[in-house]
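What follows is a set of notes on a single structure, which appears directly below.
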2 protein chains.
Amino acid sequence: MEVSTIRFPSACPSRIVLDHVTSKWGVLVLVALAEGTKRWSELRRAVEGVSEKMLAQTLQTLERDGLVIRDARPVIPPHVDYRLSPLGAELVDRLTPLMEWILANADAIISGAARGRIDETTSVAHAQ
Amino acid sequence: MEVSTIRFPSACPSRIVLDHVTSKWGVLVLVALAEGTKRWSELRRAVEGVSEKMLAQTLQTLERDGLVIRDARPVIPPHVDYRLSPLGAELVDRLTPLMEWILANADAIISGAARGRIDETTSVAHAQ
DNA sequence: CAGTATCCCCGAGGATACTG
DNA sequence: CAGTATCCTCGGGGATACTG
């Protein structure tokens, strides 16, 4: 269970990728695509609250990073599909457990019940 | 491997927690604390590039969420320790695989080599 | 349908100075 | 040492309008 010191030097590609992935909409888009290929309009609905500009920007970033694949079919009306690349799928595999944990624990955390969980392992903590 | 539709409704506690965790410094602080208890000054060094204001703010948010425990000892000079709560440790368990993956793949992603990995599963993709 | 193009605002976040 | 307090900037991100 030793994590052996994960370091993120500040001027490092890892910081950039971290920023892309943890950008406001990045995680949500990636998770939405975990279900499979989706069209633009489906994504807009799946990622509740995202604006057109932000969806476009997020998708472009993820595509440039090689995490998402854009498949535009030259028909009228336009038909564009987005899906995870193999690399993106790997990433989402690591993202999903995190998302499920957050969904499962969010209510307790926000309601403040989390402080009740500071049990045996805690003693004099945060006397503050 | 079916993820069975993870949904994040926009007006939901899960979005708030997600924002806290994926805040610019949230992930980095949590990962830094994965190694164990750390003092303020150690965190400042461990989380390279963080300002005092942002470190304080991030720690306060994480503490309010019950993910981090603050242990202030009333001595002079002041001595304050931060560590993960049991809940925070659970979260970090899900965070660590993600961070390690990002560290391992960041260079390839940023350099653009990622697009080379679009192999057999891809065919006509992103004619762009 | 699937996007750009613009304009604009607010607040996340940085720099600096100060304190118990 | 471990923080506040204050000021200020910059760009993330929203609203709206337009297009192939």
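A note on names: the letters A, B, ... follow the listed sequences, proteins ahead of strands, and every chain is numbered from 1.
Computed from coordinates, the B:L55 CG to D:dA5 P distance equals 16 Å when rounded to whole Å. In this structure, CD of B:E48 is placed 18 Å from P of C:dG13, rounded to the nearest angstrom. B:Q57 has its CD atom 13 Å from the P atom of C:dG11, to the nearest Å. Atom CZ of B:R15 is separated from atom P of D:dG13 by 12 Å (rounded to the nearest Å). The separation between B:E42 atom CD and D:dG3 atom P is 12 Å, rounded to whole Å. Between the NZ atom of B:K53 and the P atom of D:dT9 there is a distance of 13 Å, given to the nearest Å. Going from atom CD of B:Q60 over to atom P of C:dA12 covers 14 Å, rounded to whole Å. Atom CG in A:D19 sits about 10 Å away from atom P in D:dG12, given to the nearest Å.
Of all nucleotides listed (D:dG3, C:dG14, C:dG3), C:dG14 comes nearest to the side chain of B:W25. With D:dG13, C:dC1, D:dA2 as the choices, the nucleotide that has an atom nearest any side-chain atom of A:P77 turns out to be C:dC1. Comparing C:dG13, C:dT4, D:dG14 against the side chain of B:M54 picks out C:dG13 as the nearest.
Side-chain atoms of B:K24 stay outside donor-acceptor range of the base of C:dG13, with no qualifying N/O pair under 3.5 Å.
Residues B:V21 and B:V27 share a closest heavy-atom pair of O-CG2, 3.0 Å. Minimum heavy-atom separation, A:L33 to A:V68: CD1-CG2, 3.7 Å.
Judged by Watson-Crick or G-U wobble contacts below 3.5 Å, the nucleotide C:dC7 has D:dG14 as its partner. Pair assignment for D:dT19 gives C:dA2, based on Watson-Crick or G-U wobble hydrogen-bonding distances that are each under 3.5 Å.
Taking only side-chain nitrogens and oxygens, B:W40 never comes nearer than 4.0 Å to OP1 or OP2 of D:dT4. Between C:dA2 and A:S41, a contact under 4.0 Å exists linking OP1 or OP2 to a side-chain N or O. For D:dG3, the OP1/OP2 oxygens have a side-chain nitrogen or oxygen of B:R70 closer than 4.0 Å.
One finds a salt bridge joining B:E35 and B:K38 here, because a Lys/Arg side-chain nitrogen approaches an Asp/Glu carboxylate oxygen to under 4.0 Å. Taking a cutoff of 4.0 Å between a charged side-chain nitrogen and a carboxylate oxygen, A:R73 and A:D81 qualify as a salt bridge.
Using a 4.0 Å heavy-atom cutoff across all strands shown, A:R39 reaches sugar-phosphate atoms only and no base atom.
Where B:S23 and A:V80 each meet DNA chain C at their nearest nucleotide, the meeting point lying more 5' is that of A:V80.
At least one donor-acceptor pair closer than 3.5 Å links the side chain of A:S85 to the backbone N or O of A:L67.
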